[in-house]
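Any value given below was found using the heavy atoms of this structure, including those in side chains, with hydrogens, waters and symmetry copies removed.
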Amino acid sequence: ATSNGPRAPCNGGTPIQINWTSLNRGYGVTQFYHGTPLPNGTQYIAGAQDNGTLFGSDELGPDGWRFVFGGDGGFSAVHPAQPATWLMEFQWASLGRTTNGGNTVTQGRTGLDPIVSSVLGPDGNYLFIAPFTHDPVSNNIWLGGEFLYQGPNFGLTWTKVVSSQIPDAGRFSAIAISPSNNAIVIAGTERGHIVRTTNGTQSVAGIAFTAARPREGWVTSIAFDPRSTGTVYATYGNFGGAHVFRSINGGDSWQSIDGSGSGGVPDIPVHSIVVDPDDSQRLYLGTDLGVMVSIDGGRTWMTEETGFGSAVTMWLA
């Protein structure tokens, strides 16, 4: 609310000044889907439902966000050597690129299949929030819809990966690139399939995939262990069944690591997982009830109690 608001007439026709006082006091309800820290670690961009892509920083604080790109903000990426160059999106893989920190943004869909959607319905060739991820070695972007796409030169143009159509005609919902070998790419789907390739740096016509399906459901995130080449994790965002899976053979087979009882993950959607780059045994989950952590490689899980609230947590970095 603001002061010096509109004037309302009284019975005699003389305007009355109405003053307003903000009662927000730090109250925040923005629904972020995904966020990316800039290389300095103190600035970040994030995509928000109905609020576009926003730029924030430690210095500006929780009320200092700046709007940089429109629509329903989704995934984002920051160029590691050119931190003012960002790739952003709004619904159905509508992409925008900036090279000056969001001051100007250009569209970036050249080479992608045209968007086919049912407005707010479930049908379309991209998810409402389409996943993409950045390979910092090649500066190639991988993006998912009905197919996977590669965007060389930080998504300047796009090429369809021909062999990557999803089992059961689903759409891609999560993508990750191995930090130790960027030829290894693993992607999950809205129907539970996880596909992988070990030759993702070849020409697109030669990229081949194998598929597994740990369970039915929506794959919400995939993360590699940066200290163990063959170890990769996947999370599912459904109620019922297991929510966290690990593969120790590069994605050939998967086992649940939900645990059980008081030391297990409750039956709630799990949206994201990250592995501590300095400690493979320390895992973090973003869930419907906030952040959970394991310090024993997923054998047991605990609720994070360092002041982070029990809010739906969609993404961790």
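In this pair, F154 and H134 present their aromatic rings perpendicular. The plane angle is above 60°, beyond the 30 to 60° band.
Residues V162 and I207 have side chains not in contact (no heavy-atom distance under 4.5 Å, counting atoms from C-beta outward). In this structure, I186 and I175 have side chains that are not in contact, with every pair of non-hydrogen atoms separated by 4.5 Å or more. The side-chain heavy atoms of I295 and M302, taken from C-beta on, include a pair separated by under 4.5 Å. Looking only at side-chain heavy atoms (C-beta outward), H271 and T313 stay at 4.5 Å or farther from each other. M314 has its side chain out of reach of S272: every pair of non-hydrogen atoms, C-beta onward, lies at least 4.5 Å apart. Taking 4.5 Å as the limit, some side-chain heavy atom of V232 sits within range of a side-chain heavy atom of I222. Residues L285 and W301 are in side-chain contact: their nearest non-hydrogen atoms beyond the backbone lie under 4.5 Å apart. Side-chain contact between F67 and L54 is present, with heavy atoms from C-beta onward closer than 4.5 Å.
Side-chain atoms of D135 and N182 include a donor-acceptor pair closer than 3.5 Å. Judged purely by distance below 3.5 Å, without hydrogens or angles, the side chains of D58 and Y44 pair a donor atom with an acceptor atom. Looking at S57 and E59, their side chains never bring a donor and an acceptor atom within 3.5 Å of each other. In summary, the side chains of T189 and S173 do not present any donor paired with an acceptor at a separation below 3.5 Å, with no hydrogens or angles considered. Side chain to side chain, T30 and N51 fail the donor-acceptor criterion of an N or O pair below 3.5 Å. For N100 and T104, the side-chain atoms include at least one donor-acceptor pair closer than 3.5 Å.
One N or O on the side chain of S221 and one on the backbone of I273 form a donor-acceptor pair closer than 3.5 Å. N238 places a side-chain N or O within 3.5 Å of a backbone atom of W218 that can act as its donor or acceptor partner. Between the N125 side chain and the V116 main chain, a donor and an acceptor come within less than 3.5 Å of each other. With hydrogens and angles disregarded, no donor-acceptor distance shorter than 3.5 Å links the side chain of Q150 to the backbone of L143. For the pair N139 (side chain) and N153 (backbone), a donor-acceptor distance under 3.5 Å is absent. A donor-acceptor pair is defined here as one N or O able to donate and one able to accept, closer than 3.5 Å; such a pair exists between the side chain of Y126 and the backbone of D113. The backbone N or O of I141 sits nowhere less than 3.5 Å from a side-chain atom of Y149 that would complete a donor-acceptor pair. The main-chain N or O of S253 is found under 3.5 Å from a side-chain atom of S247 such that the two form a donor-acceptor pair. In this structure, Q49 contributes its side chain and Q31 its backbone to no donor-acceptor pair below 3.5 Å. Looking only at distances, no side-chain donor or acceptor of T98 sits under 3.5 Å from a matching main-chain atom of G96.
Aromatic pair F75/W315: ring centres closer than 6.0 Å. F69 has its ring centre less than 6.0 Å from the ring centre of F90. Taking the centre of each ring, W142 and F172 stay at or above the 6.0 Å mark. For an aromatic pair to be called close, the ring centres must be under 6.0 Å apart, and W65 with F32 satisfies this.
Salt-bridge annotation for E146 and R171: absent, with no side-chain N of the basic residue lying under 4.0 Å from a carboxylate O of the acidic one. Contact check on D252 versus R196 returns a salt bridge, with a Lys/Arg side-chain nitrogen under 4.0 Å from an Asp/Glu carboxylate oxygen.
Follow the hydrophobic side-chain contacts under 4.5 Å out from I184 and you never reach L148; the two are in separate clusters. With hydrophobic clusters built from ILVMFWY side chains whose heavy atoms lie under 4.5 angstrom apart, V204 shares a cluster with I177. The cluster map of Ile, Leu, Val, Met, Phe, Trp and Tyr, joined by side-chain heavy atoms under 4.5 Å apart, puts V270 and L316 in different clusters. Criterion: ILVMFWY side-chain heavy atoms under 4.5 Å apart, direct or through other members. Under it, F224 and V219 are part of a common hydrophobic cluster. Both F308 and Y284 sit in one connected hydrophobic cluster of ILVMFWY residues. Membership requires side-chain heavy atoms under 4.5 Å apart, directly or through other members.
The residue from V275, D278, D276 that alone fulfils the side chain to side chain contact (heavy atoms under 4.5 Å, CB included) condition with P226 is V275. When each of T235, D267, T287 is checked for a side chain to side chain donor-acceptor pair (under 3.5 Å) with H243, only D267 meets the rule.
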CA sep, side-chain torsions, deciding dist, call: R246, W254, side-chain contact (heavy atoms from CB on, under 4.5 Å) = CA-CA 5 Å; R246 176 171 56 211; W254 299 81; 5.6 Å; no
List the steps, then state whether side-chain hydrogen bond (donor to acceptor under 3.5 Å, both in side chains) holds for T85 with T99.
-> CA-CA 4 Å; T85 298; T99 58; 5.4 Å; no
Show the numbers, then the answer: is there a side-chain contact (heavy atoms from CB on, under 4.5 Å) between Y233 and L283?
-> CA-CA 10 Å; Y233 296 86; L283 312 173; 3.8 Å; yes
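With sequence neighbours excluded, the residues that form a side chain to side chain contact (heavy atoms under 4.5 Å, CB included) with T110 are T157.
When all heavy atoms are compared, the tightest approach of H79 to P39 is O-CG, 4.4 Å.
Here the CD-CD distance, from E190 to E216, works out to 12.5 Å after rounding to the nearest 0.5 Å.
When the shell of 6.0 Å around CG of L60 is examined, it contains more than 12 heavy atoms from other residues, nucleotides or ligands.
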